[in-house]
Structures are given as structure tokens and as C-alpha cells.
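Scroll down for the structure; my scribbles are underneath it.
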Protein chains: 2
Amino acid sequence: MDRDPSAEKNCAAVSAVPPPPGLTPGQQAVLTALRQQPQPLSAQALHGVMAVQRSIGLATVYRALDLLKLLGLVQHRVTLSGETLYSVVEHDHHYLTCLQCGVSVPVETCPVQELVAHLQRTNSFRIYYHTLEFFGVCDRCS
Amino acid sequence: MDRDPSAEKNCAAVSAVPPPPGLTPGQQAVLTALRQQPQPLSAQALHGVMAVQRSIGLATVYRALDLLKLLGLVQHRVTLSGETLYSVVEHDHHYLTCLQCGVSVPVETCPVQELVAHLQRTNSFRIYYHTLEFFGVCDRCS
DNA sequence: TACAATATGATAATGATTATCATTCCTGAG
DNA sequence: CTCAGGAATGATAATCATTATCATATTGTA
């Protein structure tokens, strides 16, 4: 068996921002709901699961997600079908996506932490999260 | 001055697929037009620049881009505003994007080539390209 | 040369996201 | 404690990139 080449394991979030600042109840609810999801979720799906317990407008969910993104608490990724999926910034979640069938399999390693630190120094950018995604064709489709 | 930490330079495309197979004239035109662009371009923008010289339908441009993606000749990335930008698969183009103002600055290094090779071996996926994108807030916005 | 399959174009339809706007909530000054 | 100003919320209309549709044109082939 060959060793994993670029080996840093699943890197944890770079504590981008302190704990939640003054979030409104609605924003808190969105964050809490998102934290309970095992998988990244679309805004509409999140709205769906939230609406069961608490009434909240779809627009509010979108707005809260945008805000939470800006606070470094939530990250996003866009699927091939154009949906945006949101998840809490915790661990990196990277994917290998088939351009044909759209299936995404998670990638366990992440080789970019050093690069993040470097960019942060050289670009005067506060980096909250990153997406790393591989596109190709899975064997079933080729 | 500190050295660049994760140092592989701009990695070239992994010759995903041989030269162009039997592309139709329309598909060829799309590929050619895209090759002449210095920047990644949206499908509509590409259609715009193409329409000047050659009449082509917008739907055809979309279809050709999808096909070229499937052939490993073209890659895509999605902006914060939801547009999909296309470019020829040549060198990696990675970005640092401000979640506030949306500005994207290119990132010159790419630490994932080894990982690509590894994934290719362990996942029986044919990998054509990848996207690596950093999100945060630029100093002007924070 | 005629057929079957595929590509193309024009346009309608889709669907996720955003804008709008009236209402409600909250906070701080008085 | 009360009121005014600002922000947040919800319902819904509007937007806009992308996709589906379908009739027509093109291409490779028997």
C-alpha cells in the first residue's frame, strides 16, 4: 500500500472569529439548525427542516446564512446543479465530483493549511474557509 | 522574508484527455474562442464575444461548454454572484475571494498535485481539474 | 442518395436567489 | 417608562443564469 502523499489530516477550522457576537434569535436558530445537520444543506432544505419546529421566513434563512458566512461561522459550496450548500465551519469538507452523474465523494486529506497561513500573511485577507473540489468522471460513468 | 511554505508552483494540467476528438464546428468554435480569452468567462459573455464573428446560439454555447468539461478540456468555477465562469484547462487558477465585495485575487501556488495523483489511484475517478478557492474578507472591507 | 442520429437555434420554462416593502422588534435617548 | 430610529423579519414579486423543448439543419453512413 502506498502512503498518503500530501499528508496533513483533516484540518480544523482556523478559529476565524470569536464566539458568536450579537446574533438575533433568527440568526441563532439558523446557526443551531445548521450545526445539527450531518451534511451540508441548501438554504431551502434548511428552511424546510427549521420550519417544522419554528416559523421562519425563507428570506431570513438566506440572509442569516450570508451574515454567518461573513462572520466566518458558515461556509458554502456550489453543486453542479447550481444549488449552494451550507455547512458550519469546523473541519474541511472537500469533494471529488463526477461531472457526469454529479455524485460527490468526500476527500479526507487537505494539503492547504500552510498555504492558508501564507496567503493570510501576504494578502491582508482574513481567510475564513476554503473550498477544494476535484472534478472528473467516475468509473461507473466512463 | 519568509519562504513560500507549500511550494509547488502553478501546476500544469494533467493531460486529462488526448487532443480534441471529433468536435463539431460549433464546439470547436467555442473551444477556440475560450482559448483566446485571457480571463475565465461566463457562458453568456463568451456567447457575446463569439456572436461578433460567428452566429451561434446561446444554448449551443452552454451545451458545448458542458461537453468540453466532460472531455477534460474546459474547467469551471462559480462566483459569489452565481455565475459560472469557464476557462481552458491549462494551468491552475485559484482565487482568494472577498465575501463582502466579491473581489477575487489569483493565488499563485497550488499544493494539490500530489493529492490529485493519490485520489486518482484510490478512487477510480478520472480527475480532470480541480478548484481551490479561499473565502474571507479583504482589508478594504473589514 | 435517403436514413437515422445528432447538433443547432429560438424561445419558453425552471428554479434558486434577491429585491421590495410593509410590519415587527429592539435599543437607547429623553 | 415611552417614543423614535434603525435593523430584522416575512410574504411575495422580480431577477437572471441555466435548462428543457421542439422544430429544423447537419452529418455520417448503408
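Per chain, numbering begins at 1; letters A, B, ... match sequence-line order.
- In this structure, CG of B:D66 is placed 16 Å from P of D:dA17, rounded to the nearest angstrom.
- Residue contacts for B:T84: at a heavy-atom cut-off of 4.0 Å it reaches the sugar-phosphate backbone alone, with no base atom in range.
- In this structure, a donor-acceptor pair under 3.5 Å is present between the side chains of B:T97 and B:E133.
- When heavy atoms are screened at a 4.0 angstrom cut-off, A:S55 is found touching the sugar-phosphate backbone but no base atom.
- Sorted by first and then second residue, the side-chain hydrogen bond (donor to acceptor under 3.5 Å, both in side chains) pairs with a member in residues 46-61 of chain A form an empty list; sequence neighbours excluded.
- One atom, NE2 of A:H47, and another, P of C:dG15, lie 18 Å apart when rounded to the nearest Å.
- Following rounding to the nearest Å, B:Q44 (CD) and D:dT18 (P) show an atom-to-atom distance of 6 Å.
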Worked check of side chain to side chain contact (heavy atoms under 4.5 Å, CB included) between B:V137 and B:F135: CA-CA 7 Å; B:V137 180; B:F135 297 96; over 6 Å; no

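- Mapping B:Q27 and A:S81 onto DNA chain C by nearest heavy atom places B:Q27 closer to the 5' end of the strand.
- For B:A59, whose side chain is taken as the heavy atoms from C-beta onward, the closest listed nucleotide among D:dT12, C:dT11, D:dT18 is C:dT11.
- B:Y62 has no side-chain polar atom (N or O) that falls below the 4.0 Å cut-off from OP1 or OP2 of D:dT19.
- At whole-Å resolution of the value, CG in A:L65 and P in D:dA8 are 15 Å apart.
- If you take CG of B:L58 and C1' of D:dC16, they are 12 Å apart, rounded to a whole angstrom.
- In this structure, A:E83 places its CD atom 13 Å from C1' of C:dT14, rounding to the nearest Å.
- Taking the six-membered ring where tryptophan is involved, the planes of B:H76 and B:Y86 are tilted, since the angle between them lies from 30° to 60°.
- Whole-Å rounding puts the B:L85 CG to D:dT18 P distance at 9 Å.
- A:L23 has its CG atom 17 Å from the C1' atom of C:dT27, to the nearest Å.
- Toward the 5′ end of DNA chain D lies the nearest nucleotide of B:Y86, the other residue of the pair B:R63 and B:Y86 mapping further downstream.
- Regarding contacts with the backbone of C:dT8, a side-chain N or O of B:T24 is found under 4.0 angstrom from either OP1 or OP2.
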Are A:I56 and A:V61 close enough, and set up right, to give a side chain to side chain contact (heavy atoms under 4.5 Å, CB included), and what steps lead you there?
CA-CA 7 Å; A:I56 188 169; A:V61 173; 4.1 Å; yes

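- Taking only side-chain nitrogens and oxygens, B:T60 comes nearer than 4.0 Å to OP1 or OP2 of C:dG9.
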